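Keep in mind the model is a prediction, meaning the values are calculated, not measured. FYI, the numbering just counts along the sequence from 1.
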Amino acid sequence: QVQLVESGGGLVQDGGSRRLSCAASGLTFRLYAMAWFRQAPGKEREFVAHGGWNGISPRYADSVKGRFTISRDYAKNTVYLQMNSLKSEDTAVYYCAAARSPMTIDGGASLLRERAYGSWGQGTQVTVSS
């Protein structure tokens, strides 16, 4: 059974940085594409970043491009989201997601969508104070 456990959330000041971690277990890590999504209060869950897959480069939402970086440590079965220059609009619950060997015949467009991912973490709250 795949288990994803996020950590690293908390309260951070506007302009600050935070690194989120997602520890994965119960899976062969190299066979999974990994991503981060977030859900702000009163809004739908949205794509933040995926770490690339099968020749497709990592991709970021326009709202975080240049500020956030996704990475993964295969030795630790962990994926990270480094968040810099945080803004109040980044306040949300951040979710880690995993997709087992996803099809990418669409050039990776499916990796931006929730339905590509079959496993989800419980989420970690990030609050940016102004």
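Residue Lys87 holds its NZ atom at 13.5 Å from OG of Ser130, rounded to the nearest 0.5 Å. Between Arg67 atom CZ and Asp90 atom CG the span is 4.0 Å, to the nearest 0.5 Å. Here the CD-OG distance, from Gln13 to Ser88, works out to 13.0 Å after rounding to the nearest 0.5 Å.
The side chain to side chain contact (heavy atoms under 4.5 Å, CB included) check on Asp106 picks up Ala109, Ser110, Arg113, with sequence neighbours excluded. Considering only residues two or more places apart in sequence or on other chains, Arg100 meets the side chain to side chain donor-acceptor pair (under 3.5 Å) condition with none of them. Contacts of Arg19 classified as side chain to side chain donor-acceptor pair (under 3.5 Å), with partners at least two apart in sequence or in another chain: none. In this structure Gln82 satisfies the side chain to side chain donor-acceptor pair (under 3.5 Å) test together with Asn84, sequence neighbours excluded.
Counting non-hydrogen atoms of neighbouring residues, nucleotides and ligands closer than 6.0 angstrom, the CD atom of Glu89 exceeds 12 such neighbours. Annotation: Lys65, atom NZ; neighbour count of heavy atoms from other residues, nucleotides and ligands within 6.0 Å is above 12.
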message = Please determine whether side chain to side chain contact (heavy atoms under 4.5 Å, CB included) holds for the pair Gln125 and Leu11, giving the CA-CA distance in whole Å, both sets of side-chain angles, and the decisive distance to 0.1 Å.
response = CA-CA 8 Å; Gln125 175 73 47; Leu11 180 64; over 6 Å; no
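Leu20 belongs to a hydrophobic cluster whose other members, connected by ILVMFWY side-chain contacts under 4.5 Å either directly or through intermediates, are Val2, Leu4, Val12, Leu27, Phe29, Leu31, Tyr32, Met34, Trp36, Val48, Tyr60, Val64, Phe68, Ile70, Tyr74, Val79, Leu81, Met83, Leu86, Tyr94, Val126, Val128. Clustering of Ile, Leu, Val, Met, Phe, Trp and Tyr side chains at separations under 4.5 Å places Val93 together with Phe37, Phe47, Trp53, Tyr95, Leu111, Leu112, Tyr117, Trp120.
At distances below 3.5 Å, at least one donor-acceptor pair connects side-chain atoms of Glu6 with backbone N or O atoms of Gln122.
In plain terms, the two heavy atoms of Pro102 and Ala33 that are nearest each other are CG-CB, 3.7 Å. Contact between Gly8 and Arg18 at its shortest, heavy atoms only, is O-NE, 2.8 Å. Nearest approach of Arg38 to Ala92, heavy atoms of both residues: CB-CB, 3.9 Å. Taking all atoms of both residues into account, the shortest heavy-atom contact from Ser85 to Ser17 is N-OG, 4.3 Å.
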